[in-house]
Protein chains: 2
Amino acid sequence: MGRTPAGETREKVFAFVRDRLLAGQPPTVREVQEALGFRAVRTAQQHLERLVEEGRLVAGRHRARGYRLPGSSEGARTVLAPVLGRVPAGALDAAVEDPDGYLPVDARGAAAGDLFALRVRGESMTGVGILPGDLVIVRRQPTAANGDLVVARVGDEATVKTFRSRGRRVELRPENPAFAPIVLDAGAVAILGKVIEVRRILGAHGGTGA
Amino acid sequence: MGRTPAGETREKVFAFVRDRLLAGQPPTVREVQEALGFRAVRTAQQHLERLVEEGRLVAGRHRARGYRLPGSSEGARTVLAPVLGRVPAGALDAAVEDPDGYLPVDARGAAAGDLFALRVRGESMTGVGILPGDLVIVRRQPTAANGDLVVARVGDEATVKTFRSRGRRVELRPENPAFAPIVLDAGAVAILGKVIEVRRILGAHGGTGA
DNA sequence: GACAATACCATACATTTGAATGCCATTGCA
DNA sequence: TGCAATGGCATTCAAATGTATGGTATTGTC
């Protein structure tokens with residue numbers, strides 16, 4: 001009664017732990033033991049210690065289900081941003097109550113409630129790689145700096161544009177030569193937030209369509 | 001000392017637990033207690049029990065960090081895709097061992113281990129709105145259909161291109177008139193996977209750069 | 001005021017779970 | 001042969017953690 005060939009077993013241990021972690025369900029040492037068919041807790045424990053030594057896992061001392069993948073243990077924090085279906089005509093909060101779904105966002109430095117997402121309509125921003133149907137993830141803020149990509153409400157409509165202010169006047173500039181900039185008085189524009197991320201979900205089927 | 005207004009607190013408890021779950025780090029009752037500033041474990045415990053009653057959480061009996069989101073087996077499910085820093089020269093698994101970080105991905109229909117992400121270099125795909133520095137999220141698969149956006153390995157390099165096959169020959173087509181298609185024998189190309197999503201993280205500062 | 005409902009607290013208890021102690025079997029090498 | 005290295009086992013201990021008991025203060029309603 002000895003052992004198993006090469007480092008095969010440890011590879012299986014790592015794969016098991018990694019998959020569980022990626023699925024959001026960190027395993028216990030005993031779950032590893034059972035999954036791999038060890039008859040002693042210690043055996044699973046030793047493999048895990050080994051993986052930590054090799055830097056492939058990170059252990060939290062005395063924490064239940066404390067193993068993590070290196071790099072994901074710190075900083076990375078995921079929150080859900082609601083995808084607003086209707087254009088927010090009034091207060092944003094009203095629209096959030098009935099979202100089209102949620103997008104997981106790696107939010108470092110942005111509180112959960114401060115994020116939302118909108119689907120882009122029109123081709124006014126194709127010059128900066130934002131195509132119709134893309135999702136923009138927005139962090140709420142009432143102001144913007146020149147050059148910021150913002151979501152602004154003009155009248156009843158919300159649009160994604162590049163922000164630029166000239167004194168009392170605000171210019172919402174499209175990034176497509178076929179469209180003209182919108183210039184308004186600052187009082188006629190409400191900045192809903194700043195675009196912090198752009199996503200295009202291609203899905204399982206279909207090509208680029210180009 | 002009494003309490004806090006309406007059901008505000010419970011909402012915060014739920015948000016905290018949900019965020020932690022989505023981040024792949026289920027919290028303990030005491031972590032909830034501490035995060036919300038309760039002075040008794042029991043208080044956090046009661047809120048959690050309440051959330052379970054309301055069906056907003058699911059509890060695992062006597063399991064450490066046992067709270068889950070209901071229906072997490074189906075519906076929106078977030079997994080973390082490793083961002084591969086180096087171009088995968090050999091097997092993909094080797095590169096996954098040392099990722100640059102992880103991206104939260106809403107993976108419906110894709111197993112956790114089947115996803116990874118790469119940072120795009122070069123301007124060969126600007127025609128379909130993929131700019132240098134963008135992140136592509138890829139689902140591993142060894143084959144592709146005409147028109148698919150794929151990550152392929154040619155020699156030591158991995159590139160993002162539109163896939164097209166003509167008999168024994170494979171064409172990797174850039175989406176930028178300034179670049180020429182790459183035409184190779186099928187044996188000289190290895191399909192690493194298919195691009196299912198494109199992301200551009202603009203961050204808190206800076207404009208569009210266009 | 002009586003009473004239910006809500007929110008919270010202090011503490012104890014039981015289970016889960018990470019870590020430690022000590023030992024055996026196989027392999028490879030000097 | 002001797003011996004270090006590896007892979008495994010059985011068991012125990014201690015920390016982490018879910019759960020339960022019992023009590024106080026505030027709010028709202030009849």
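Sequence lines set the chain letters: A, B, ... in the order given, protein chains first and strands last, and positions in each chain run from 1. Just so it is clear, the model here is predicted, and its values are computed rather than measured.
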Engineer: I'd like to know if Arg63(A) and Glu31(B) make a salt bridge, using a cut-off of under 4.0 Å between side-chain N and carboxylate O.
Structural biologist: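 Result for this pair is yes, salt bridge flagged.
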Engineer: Considering all heavy atoms of both residues, which atom of Ala145(A) and which atom of Phe163(A) are nearest to each other, and what is their separation?
Structural biologist: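 Answer, listing the atom of Ala145(A) first, then Phe163(A): O-CD2, 3.4 Å.
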Engineer: Check Arg18(A) with Glu11(A), please: is the shortest side-chain N to carboxylate O separation under 4.0 Å?
Structural biologist: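 Arg18(A) and Glu11(A): not salt-bridged.
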Engineer: Can you tell me how far C1' of dG8(D) sits from CZ of Arg10(A), to the nearest Å?
Structural biologist: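 Interatomic distance, CZ of Arg10(A) to C1' of dG8(D): 12 Å.
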Engineer: Can you give one letter per nucleotide of nucleotides 18-23 of chain C, going 5' to 3': B for a protein heavy atom under 4.0 Å from the base, S for sugar-phosphate only, - for none?
Structural biologist: BBBB--
Engineer: Could you check how far NZ of Lys12(A) sits from P of dG7(D), rounded to whole Å?
Structural biologist: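 To the nearest whole Å, that distance equals 14 Å.
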Engineer: Under 4.0 Å from OP1 or OP2 of dC9(C): is there any side-chain N or O of Thr43(B) that close?
Structural biologist: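 Answer is yes, contact under 4.0 Å.
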Engineer: Using whole Å, report how far CD of Gln33(B) lies from C1' of dA7(C).
Structural biologist: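 After rounding, the gap between these two atoms is 15 Å.
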Engineer: Output side-chain donor-acceptor pairs under 3.5 Å for residues 129-137 of chain A, partner residues at least two apart or in another chain, one line each.
Structural biologist:
| from | atom 1 | to | atom 2 | distance (Å) |
| --- | --- | --- | --- | --- |
| Asp134(A) | OD1 | Arg200(A) | NE | 3.0 |
| Asp134(A) | OD2 | Leu131(A) | N | 2.8 |
| Asp134(A) | OD2 | Arg200(A) | NE | 3.3 |
| Asp134(A) | OD2 | Arg200(A) | NH2 | 3.0 |

Engineer: How many whole angstroms separate atom CZ of Arg39(B) from atom C1' of dA7(C)?
Structural biologist: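 Arg39(B) atom CZ is separated from dA7(C) atom C1' by 13 Å.
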Engineer: Would you tell me if any nitrogen or oxygen in the side chain of Arg50(A) comes within less than 4.0 Å of OP1 or OP2 on dG7(D)?
Structural biologist: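 The answer is yes; a side-chain N or O of Arg50(A) sits under 4.0 Å from OP1 or OP2.
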Engineer: Leu48(A) CG to dG7(D) P: how many Å, rounded?
Structural biologist: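 That distance rounds to 14 Å.
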Engineer: If you look at every heavy atom in Val150(A) and Ala144(A), which pair is closest and at what distance?
Structural biologist: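 That closest heavy-atom pairing would be CG1-CB, 3.5 Å.
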Engineer: Just to verify, what does Arg61(A) make a side chain to side chain contact (heavy atoms under 4.5 Å, CB included) with, not counting sequence neighbours?
Structural biologist: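 Checked Arg61(A) against side chain to side chain contact (heavy atoms under 4.5 Å, CB included); zero matches.
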Engineer: Do any side-chain nitrogens or oxygens of Thr9(B) fall under 4.0 Å of OP1 or OP2 in dT6(C)?
Structural biologist: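 Negative; the distance criterion is not met.
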Engineer: CZ of Arg20(A) versus P of dT17(C): gap in Å, rounded?
Structural biologist: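 After rounding, the reported distance stands at 11 Å.
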Engineer: Looking only at side-chain N and O atoms, does His47(A) come under 4.0 Å of OP1 or OP2 in dT6(D)?
Structural biologist: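 The answer is no; no side-chain N or O of His47(A) sits under 4.0 Å from OP1 or OP2.
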